[in-house]
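Okay, so here's the structure we're looking at.
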Amino acid sequence: MLRLDQILAVCGLTFTEAVRQKFFYIVLLMGAGMLLGAGYFQQFDFGVDELKFVIDFSFGTLFFLGSILVIAASTQLFYSEIENRTAHTLLAKPIRHFDFILGKFFGVQLLMLIFVILLCGLMTVLLFLRVRALPVVEVDGLVHYGEIWLYGLLQWARFGVLSAACLLVGSFARSYLYTMMVSFLFMLVGQLQYIARESHSEITWLPLRWLVQVFAGIFPNLQIFNVGDQLGHMNATGLTSLIAISMLLYAAVYAWVYLCLAWWNFKRREL
Amino acid sequence: MESFILRRLQSWLVAVLLLWLAAFVMRPIERACWQLVQSEQAELRMDSLGKSAGQGVVLGVLGGLRSLVADFAWLQLNRYWEARDRVGLNVLIRLVTRIDPRPEFFWINSARMVGYDVPHWRIATAGGHALLSKAEQGRIIKEQANEALALLEQALNYHPNSARLKVEIGQIYLNRLQDYESAAEWFLRASKEKDAPYYVARIYADLLVLQGKTEVAYTFLKELYLSLPDDPMAQADLVLDRICELEVKLELLSDARFREDRE
Amino acid sequence: MGELAIEIRNLLKDFPVGMRGKQVRALDGLSLEIEAGQIYGLLGPNGCGKSTMMKLLLGLIRPSRGAAHIFGMHAGSLGARRVLGYLPEVPHFYRFLTGRELLNYYSRISGVPRREREAQIMCALGQVGMESAASRCLGTYSKGMLQRIGLAQALLHDPKLLILDEPTAGVDPEGTDGIGKIIRALKGQGKTILVSSHLLGQMERLCDRVAILNKGRLLCEGSVDDLLTREGTAAFVANGLDASGRSAVEAAIEAAGGELCEVAPARRGLDALFSRTIKEETEGMS
């Protein structure tokens, strides 16, 4: 009970601190602006039909801006505690390092939940209005609204992995900039590690092959959350519940492992 | 100092081992999810990743925003086309199709530019149609047609069941290379796809006739006629007329004619 | 000997510097025992190891060798952290919170039960005299107020031991005086206070015992009286003596077999003068 209250206290303060920052609103406004502008950008589209383009673009906005926000927020909200030495006062209290890390993690996740809900909500409304305005009689099924929220949920899970990884980096980093850069690098490697892994069989030079294997083991395959093509649109194949749950489980396990490592490092860190 | 280095090493070792363990445990889950994601995105399941690594990077970094980036790159590509800049055009075609290989529009229109427009630019640069020898013009046309074909065959990696792409390949064989046999082969392939327009099969039959394979064309059209749905777009009458024409050409006796077969 | 609040045995702390991990020694075999119920002063120049020692007691860093205990518990353990309160040298708090919100946050972190929280917050605010400013954002606080609210957060869970790192750093003399009074009051409540400061005059008046550190080593330690009294000497402060009176006193000392070492006018401390002047001005205005 006490531990839960401590975690909630850190979580609440982290969230309060996050929503007080202008950056959150800038990203949120950018996201909303991009979603609202999707119709305008659609005029430049040459490839796919309008709704597919708008869904694609909206998913891309959530994916792209969400990644920036989660890394910036996790880094700022965790590392600033070390840099400003507020962590000194806090950790002199009877709170476990792990609970502190967990509180930070949940605070950022709460922020990201709000971000995802707002953008998915706006996405749903805009698509609903667009569908109604289309010169077609049968509008049902043109957009799978539930899948938009499923995409949001999966991205939120992915943000969780990124946030936990940021906390891990922050637990040993010595500067804010370093934490930020390494976290972004982590995201890029996570998104792209499949390229190295898929070409693994083609690598004949043994040391490089081992290196690729090590890489594939250390970094999660974040590309599995790239399911925008499977969701939302009339012709989308959708995801089975089993696959969706598997993805959430995958994110949860990796987030947990990174949190444990962040705790291990943070506990050993000299403040 | 040793203990300091050892402590650091220890941290890294623990981290790597734990992550390895997580990767090992999660492998079955990750494999199932990954296969599903790959199944919908051709650029993620290329046999030779060397060709698609660039697309993977773009996809990984931009996600859904890549369609917009590709669209803007396409606008730029059109500026090169207007300026008749062959080098720029080729670079932008590669860029656009790598950023977003999903729209067939990019592939087909790029192939048309390469196969139909660029030969004229090259001939004009080399002196014009009047001055340049027919052989040299033919060489240029063939070279460009092959480039366009290579582009469209690359597109088939992403859209293996696209009738439009296959028709486009057939058109290039037909119009640029006058290779009726290959053209016929591609029109036939296209006609077997789900979204194939009805005319594709009729062109295939015409190409067979052009090659002198009138009997094969006649048999094909008969089978086609019987398989056509009750849809005015299918233009069954047109097929029947073609069958009649071929019957005349083949000098078939009235009892061997198709209409009687049906009765 | 009474209960030991802090027990430090042969504490050694090396800090790695740079990528290659070259070591810099911050504490060099420090041993110290602090009895419960005292105000204990840590003195020394910058970099002497005062803050390092405090961080070790808080568990923010680990010793390279040796051990420290707080009321018999390992320094840094959850149990040890439950019985101590800490005020850092420069208290950085969340500027967007009000004083009350900050205390509520720390009371949750300190594990103060929900039903006792409000009372504890009020009590801590009362102890540091910050009730009237409790609803203001920390961003609007002066340095002295920040120190006070910092002290309040250290008191929230009613700890037995208070570790105060330069509690009066950057605070004006009046504020310093106020903090000194709070510390004395806390001692009156039976708390042990470990305090470091550069204000030697204040430490002299405040502390029961002091230790002087330099380069991580303990140079001397003892009660303030023991350390400051020159053995076999006595000081007399006289008022209204003229030249003949002074000669008579000097003669009397000599006659008694003593030796007059120094004759100087009696001076009050500058901090005492400042406090009195301000007090008089304030009283005059009211």
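Not measured: the values here are computed from a predicted model. The figures that follow rest on heavy atoms only: side chains count, while hydrogens, waters and symmetry mates do not.
Taking each heavy atom of B/Cys33 and A/Met247 in turn, the nearest pair found is SG-CG, 3.6 Å.
The neighbour count for B/Trp121 CH2, taken as heavy atoms of other residues, nucleotides or ligands under 6.0 Å away, is above 12. No more than 12 heavy atoms of other residues, nucleotides or ligands lie within 6.0 Å of CZ in B/Arg79, so this atom counts as exposed by the packing criterion.
No other option in A/Thr240, A/Thr237, A/Leu242 has as many heavy-atom pairs under 4.5 Å with chain B as A/Thr237. Chain A forms more heavy-atom pairs under 4.5 Å with one residue of B/Val16, B/Val14, B/Val25 than with any other, namely B/Val14. Residue with the most contacts toward chain A among B/Ala22, B/Ala32, B/Pro28, B/Ala23: B/Ala23 (heavy-atom pairs, distance under 4.5 Å). Most heavy-atom pairs under 4.5 Å with chain B: of the set A/Asn221, A/Val253, A/Val257, this distinction falls to A/Asn221.
For A/Leu239, the part lying near chain B is the side chain, with the backbone staying farther off; criterion is any non-hydrogen pair under 4.5 Å. Of the two parts of A/Tyr254, only the side chain, counted from C-beta on, holds a non-hydrogen atom closer than 4.5 Å to a non-hydrogen atom of chain B.
Remark: of the listed residues A/Val161, A/Leu167, A/Leu162, A/Val169, A/Val161 is the sole one forming a side-chain contact (heavy atoms from CB on, under 4.5 Å) with A/Tyr258.
Aromatic ring centres of A/Phe98 and A/Trp256 lie closer together than 6.0 Å.
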